[in-house]
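Comments concern the structure below.
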Amino acid sequence: MQAQLIANDIACRRGDRLLFRELTLACKAGDAVHVAGANGVGKSSLLRIIAGLLRPFSGTVETSGAIGLVDERLALDPNQPLGKALGFWEQLDGADQPARIHDLLQIEALLDVPVRFLSTGQKKRAALARLLSCSCPIWLLDEPLNGLDTEAQRTVETLVAQHCESGGIAVVASHQQISLPGTRTVSIGDFA
Amino acid sequence: MRVFLALLRRDLGLLMPGGSGGSGVLPLLFFLAVAMLYPFAVGPDAALLARTGGGVIWVAALLAAILPLERLVSGDLEAGVFDQLHLRGVSEELAMVVRLIAHWLAFAPLLLVATLPAAALLGLSGETTEIVLLGLLAGTPGLAAVGLAVGALTASLRGGAALAGLMVIPLAVPILIFGAGALSRPDSSGILLTTAISLALCALAPLAAAAALRAARES
């Protein structure tokens, strides 16, 4: 089955504020979307709505295909060594080549280090490793470039491009420029 | 089943004494400390201690069950573990059933073992000790279930731990009444009623805790 993502006429309310409304987003296999906007306009909320973790104030979201989400929350136990913490998700997702993914994101030297000692960028790479091991067709990336050095940023861009080439969907929320071939940009500010 | 076992292994690794996320042997030491302090407070009257000691063990067990609640759910909630599980199609209910089992395994067996030295400190007779042990065996699953539901409800609140303690106490009163009440009854009806309450709580608590996790997402 082809991956597909249709968000129809979404409105998002947080507290008393309506963050955005009448936002429609349709992605088919191979699409990459850059969700842009200033801090607090609702980029993360949009991703959580698409992921089904937050109910939209109005509108519907239809997706076909498993969803992988990378946001600022690692879902790795801070007191465990990285290898063990990642291992749980790799086991749950039935990852076939965890070593290759660790090598790709250059975290194999960090596997013995407790997660709480990792730097921001290292944590981000760990979260990306968790994303890769789940082989989901739909990627939702919330600020994936934050804290990464230039080389790692290039790696992320390559990974997203490869993912879309092989028929995946990527929705990337970022206030930074991210260079992806054939990206559409959705500016949330336009829907406020 | 594969998911169930993977979750159980992770939760046990977190919660068992020596694990990275639980409160270790602290509840146990707290429990023994209460049993040790009680004779100091009421004096060395052996008859009084033997008569009231069973109830003291029950109260100590209930209070010790509150200690691990602070990090029982909140750590994983903050870290987004339940979000990631949700995306993989693992329901909050399943995650909470597993957490309930792991939570009980992490504190109850050790508590039962510690009841023996506590009973010796209070000078309980062998017969009374046996009733206390049976009652705790029947009642601790219920205490764990109440703790799980309350832990999940208060997980997203600041200062949730203190509130959790206060919320557990009224919910645990039925267990305490029948469990400790078994000490003054000649038959086993108290233990059976404790078991019944425990089973009902174990059935309801994962549902309540899962609903609390979903509600925490919207806040």
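In what follows, chains are A, B, ... by sequence order, proteins preceding strands, each numbered from 1. This structure is a prediction, so every number in the text was calculated from the model and none was measured.
For A:Arg130, the parts lying under 4.5 angstrom from a heavy atom of chain B are both the backbone and the side chain. Only the side chain of B:Arg2 comes within contact range of chain A, judged by heavy atoms closer than 4.5 Å. For chain A, no part of B:Leu5 is nearby; none of its heavy atoms comes within less than 4.5 Å. Heavy-atom distances place no part of B:Leu213 under 4.5 Å from chain A, backbone and side chain included. Both the backbone and the side chain of A:Ala51 have a heavy atom closer than 4.5 Å to some heavy atom of chain B. Contacts between A:Cys134 and chain B at a heavy-atom distance below 4.5 Å involve the side chain alone, from C-beta outward. Using a 4.5 Å cut-off between heavy atoms, B:Arg9 contacts chain A through its side chain alone, with no backbone atom that close. Contact annotation for A:Leu92: both backbone and side-chain heavy atoms come within less than 4.5 Å of a heavy atom of chain B.
Using a cutoff of 4.0 Å between basic side-chain nitrogens and carboxylate oxygens, B:Arg214 and B:Glu93 are scored as salt-bridged. Ion pairing between A:Asp71 and A:Lys43 fails under the 4.0 Å rule for side-chain N and carboxylate O. Salt-bridge formation is not detected for the pair A:Glu151/A:Arg154: no Lys NZ or Arg NE/NH1/NH2 atom is positioned less than 4.0 Å from an Asp or Glu carboxylate oxygen.
Centroid-to-centroid, the aromatic rings of B:Phe107 and B:His103 come within less than 6.0 Å.
The closest side-chain heavy-atom distance from A:Trp89 to B:Val81 is below 4.5 Å. When side chains are defined from C-beta on, B:Arg10 counts as touching B:Asp76, because their heavy atoms get closer than 4.5 Å.
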Expected list for residues 52-67 of chain B: side-chain donor-acceptor pairs under 3.5 angstrom, two or more places apart:
residue: B:Thr52; atom: OG1; partner: B:Tyr38; partner atom: OH; Å: 3.0
residue: B:Thr52; atom: OG1; partner: B:Leu48; partner atom: O; Å: 2.8

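Between chain A and the residues B:Leu85, B:Val90, B:Asp83, B:Val3, the largest count of heavy-atom pairs under 4.5 Å involves B:Asp83. No other option in B:His86, B:Arg88, B:Arg217 has as many heavy-atom pairs under 4.5 Å with chain A as B:Arg88.
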